[in-house]
Amino acid sequence: MIPFIVALPLLFAFLTALVNAFRVDRRIYRLLFMVGIVSPWPVFLLKIGDMPVSAIVGGWERISGIEVVLNEYNYYFVLGELIVFSLVGLYALHCYTGRDRSNDTSVRYILPLMLLLHGGILGALVSSDLFNFYVYMEIASLSSIILVSCSADRGAKRASYRYLMLYLMSSFFFIFAIGIIYAKTGYLNFVLIRDNLVMSEEIRAAVAIALVSLLVKAGIFPLHFWLPEAHAKADAPISAVLSGVVVKVPMYGAILFLVYVGIDFFADLLVVIAFASMFFGIFMAVLQDNAKKLLAYHTVSQMGFVLLGIATLDVDAAIFYVFAHTLFKSGLFLGVGTLARAHNTTNLDELSYRSSKVLMVAIIMLSLAIGGISPFIGAFCKNQLLSNLDGFQVYLFYMAGIGTLVSFMKLNYKLMQPGTRSMTVSTASYLEKLATISLALLTLIFGIYWYPRLKYLDAVLIVIAVAVFFSLQYLGLFRKTMSSVFTVDSLGREINLYTGTFVFVIVLFLVQLFY
Amino acid sequence: MLESLTGGYLTGETTGIVLVLIGMYGLMTKTNLVKQVISVNVISTGVVLYFTNLGYVAGGEAPLISSAVMVDPLPATLMLTTLVIDVAITSFALALIMRIREDGS
């Protein structure tokens with residue numbers, strides 16, 4: 001049964017592409033797209049009753065077949081993916097098959113590509129086999145790269161190229177690591193790898209290389225270069241999916257490595273990288289005047305939180321944080337993206353949510369959720385992460401939380417001001433608002449369900465954040481922008497630099513391993 | 001002869017790793033975008049060479065008809081997938097470079 005979770009979206013991706021090519025009625029095209037998006041739900045709902053389940057595709061033995069699983073490790077990944085894709089699917093249907101852009105040639109291929117992305121992500125999330133995971137991650141990443149390049153925004157092509165190069169490089173290193181593991185254990189299935197594992201220097205080196213390539217794909221700080229541009233330049237539904245779901249797939253890979261192979265020999269280094277990522281993302285986000293870039297830098301920061309869960313070897317904390325981030329970040333991208341579409345700009349000074357109360361409520365709720373304020377889902381997840389930290393790290397963690405709040409206070413403060421530009425699209429459609437507010441409500445519902453209490457500390461955090469925000473504003477920090485500090489003259493040079501950093505981080509991991 | 005010169009270190013695996021490093025060198029030094037795509041292709045060739053040699057067994061036969069010594073077919077099959085992905089990605093990257101040039105940015 002489980003293979004159908006992957007097979008159905010892929011089948012409908014093919015069908016929608018076919019219908020598109022033959023220019024059949026648009027209604028059939030839309031219907032096929034929506035059916036493809038929701039098709040994994042029935043299989044998923046049927047199977048969650050008897051979790052953990054696993055199946056070998058084609059009924060082979062485990063040694064010679066490809067195993068797919070649905071268990072406690074990927075349940076929340078798949079659930080978050082399905083929720084986000086269903087809502088984003090509705091949004092995209094309105095956004096791309098409306099009158100204004102449906103004749104644009106690049107738009108015609110977006111919906112089939114989104115289904116391909118859907119199938120690719122689900123395939124990676126249910127696989128319990130290294131090579132299968134790699135192939136599906138490849139499908140997902142490649143379709144998201146093409147989706148970024150489809151955006152009409154200026155600079156989207158460059159962002160897409162940067163994304164492509166970084167991702168290709170990391171893919172080849174990942175598959176090289178798979179080769180080492182295969183040579184040493186003789187298997188690609190994670191369960192069999194665990195059973196046949198004899199820890200050796202080679203395996204550790206392979207895990208190091210695999211982890212660094214997963215960090216690139218997840219957009220963790222020293223290797224994040226591709227992420228802010230790609231996520232900011234893509235269209236609203238695409239960036240919601242990219243930030244909400246696509247960057248979580250490599251994190252699932254890291255969790256598989258943690259559970260089945262063991263990454264505890266890198267724990268210290270990973271904690272340092274996680275904190276660096278958290279603070280760097282916040283620092284860059286505060287300095288942005290582009291609303292979508294602000295959110296994209298917060299993805300870098302939030303992936304640091306997820307990595308912190310993995311680095312402290314707490315699988316549950318990492319999984320719950322991934323689920324929470326999936327909900328609130330895709331909601332934020334949808335909400336802010338709707339505003340950006342309606343105003344035809346992404347500049348924070350020109351945007352405003354005054355004219356739409358629904359979006360205002362949704363964005364405020366989602367901002368509280370990402371800040372970890374207590375009835376929302378973020379509070380529960382942050383608490384779990386916090387329980388593994390001690391001493392100095394706890395203060396750092398609270399500082400990161402306050403930083404996130406300050407940055408989102410800036411976003412909301414700017415959006416509350418009357419924008420200098422009026423909405424060009426008269427009203428955002430109700431479907432777009434529905435998708436955003438549903439995600440906001442879900443963060444509240446899951447938050448209350450898991451953690452039904454109010455923490456007084458949160459009020460203190462908000463007060464500190466307000467104080468920091470207004471003092472920073474008094475100092476004039478928000479008038480500065482970061483774009484002028486770090487510029488490289490050509491795209492080619494940027495790739496050189498990023499490759500150098502990638503090699504440096506791999507060497508760092510290997511040095512840490514052997515000394 | 002060659003083997004005695006290189007001390008047995010010149011295998012398919014090491015050659016593959018050297019190719020990967022050459023490709024990385026290209027990506028770190030070349031600013032021309034097409035050359036970067038070629039560098040990525042060099043890396044991929046290295047990885048494929050590395051993998052196909054993983055399955056090599058000295059004196060082994062192709063695993064079509066059962067015989068005493070067979071090479072491991074799995075790495076080679078996996079590489080088929082990677083090769084297909086490579087071709088698609090290379091064409092996409094080249095198309096993207098053309099569009100970047102057209103934009104003039």
Side-chain angles (χ1 to χ4, degrees), chain A residues 63-64 106 130-132 134-135 137-139 141-143 145-146 148-149 154-169 171-184 186-188 209 488-504 506, chain B residues 12-13 16-17 19-21 23-37 39-56 72-75 77-82 84-86 88-90 92-105:
Chain A
I63 290 179
S64 44
S106 64
L130 255 177
F131 196 79
N132 206 29
Y134 157 76
V135 169
M137 191 163 65
E138 200 96 340
I139 293 175
S141 313
L142 191 55
S143 33
I145 289 167
I146 300 176
V148 171
S149 76
R154 236 183 99 75
K157 306 278 182 304
R158 293 165 73 90
S160 176
Y161 180 78
R162 213 174 281 139
Y163 188 177
L164 178 72
M165 278 315 191
L166 261 277
Y167 133 84
L168 271 182
M169 208 158 51
S171 277
F172 287 127
F173 274 79
F174 187 69
I175 192 163
F176 177 62
I178 293 179
I180 299 175
I181 292 174
Y182 178 73
K184 284 289 149 190
Y187 294 103
L188 291 168
I209 294 172
V488 185
D489 51 350
S490 76
L491 190 55
R493 281 249 174 276
E494 282 180 45
I495 302 290
N496 296 162
L497 195 69
Y498 304 158
T499 316
T501 319
F502 178 68
V503 172
F504 171 74
I506 287 194
Chain B
E13 281 100 324
I17 291 171
L19 277 178
V20 170
L21 294 179
M24 289 307 277
Y25 169 77
L27 275 178
M28 279 196 277
T29 52
K30 300 291 172 217
T31 50
N32 186 322
L33 302 188
V34 177
K35 283 187 183 168
Q36 290 181 348
V37 174
S39 304
V40 164
N41 278 328
V42 172
I43 297 181
S44 105
T45 315
V47 170
V48 171
L49 189 61
Y50 173 80
F51 250 82
T52 39
N53 272 273
L54 279 184
Y56 177 68
D72 184 358
L74 189 68
T77 8
L78 299 183
M79 280 308 105
L80 276 181
T81 323
T82 310
V84 171
I85 295 173
D86 277 352
I89 284 173
T90 307
F92 174 67
L94 292 175
L96 202 57
I97 291 171
M98 281 171 65
R99 293 295 292 274
I100 290 173
R101 294 257 162 90
E102 279 169 19
D103 282 3
S105 47

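Keep in mind the model is a prediction, meaning the values are calculated, not measured. Order of the sequence lines sets the chain letters (A, B, ...), proteins ahead of strands, with each chain counted from 1.
If you measure heavy-atom distances from A:Ile495 to chain B, the contacts under 4.5 Å come from both the backbone and the side chain. Of the two parts of B:Thr81, only the side chain, counted from C-beta on, holds a non-hydrogen atom closer than 4.5 Å to a non-hydrogen atom of chain A. For a residue to count as touching a neighbouring chain, one of its non-hydrogen atoms must lie under 4.5 Å from one of that chain's; by this rule A:Ser149 touches chain B with the side chain only. Looking at A:Ile146, both its backbone and its side chain come within 4.5 Å of chain B, counting heavy atoms on both sides. With a 4.5 angstrom heavy-atom cutoff, B:Ile85 touches chain A only via side-chain atoms. In this structure, the portions of B:Val37 lying under 4.5 Å from any heavy atom of chain A include both its backbone and its side chain. When heavy atoms are compared at a cutoff of 4.5 Å, B:Val47 approaches chain A solely by way of its side chain, counted from C-beta outward. When heavy atoms are compared at a cutoff of 4.5 Å, A:Tyr182 approaches chain B solely by way of its side chain, counted from C-beta outward.
Listed here is the closest heavy atom pair of B:Thr77 and B:Leu74: OG1-O, 2.8 Å.
Note on B:Asp72, B:Ile43, B:Val40, B:Ile97: by heavy-atom pairs under 4.5 Å with chain A, the leading option is B:Val40. Heavy-atom pairs under 4.5 Å with chain A were tallied for B:Leu27, B:Thr29, B:Asp86, B:Thr82; the largest tally goes to B:Leu27. Interface check for chain A: of the options B:Gly16, B:Pro75, B:Gly23, the most heavy-atom pairs under 4.5 Å are formed by B:Pro75. Put simply, of A:Ile145, A:Ile180, A:Ile139, the one with the most heavy-atom pairs under 4.5 Å next to chain B is A:Ile180. Most heavy-atom pairs under 4.5 Å with chain B: of the set A:Val135, A:Val503, A:Ile175, this distinction falls to A:Ile175.
One N or O on the side chain of B:Ser39 and one on the backbone of B:Lys35 form a donor-acceptor pair closer than 3.5 Å. A distance-only check finds a donor-acceptor pair linking the side chain of B:Gln36 to the backbone of A:Gly492 [under 3.5 Å]. With hydrogens and angles ignored, the 3.5 Å screen pairs no side-chain donor or acceptor of A:Lys157 with any backbone N or O of B:Ile100.
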Worked verdict on B:Leu49 versus B:Thr45 for side chain to side chain contact (heavy atoms under 4.5 Å, CB included): CA-CA 6 Å; B:Leu49 189 61; B:Thr45 315; 5.6 Å; no
Full working for side chain to side chain contact (heavy atoms under 4.5 Å, CB included) between B:Phe51 and A:Phe176: CA-CA 8 Å; B:Phe51 250 82; A:Phe176 177 62; 5.9 Å; no
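Scored by the side chain to side chain contact (heavy atoms under 4.5 Å, CB included) test, B:Thr31 finds A:Arg493, A:Asn496 as partners (sequence neighbours excluded). Residues satisfying the side chain to side chain contact (heavy atoms under 4.5 Å, CB included) test with A:Ala183, not counting sequence neighbours, are B:Leu54.
In this structure, A:Tyr134 and A:Phe131 have tilted ring planes: the angle between them lies in the 30° to 60° band.
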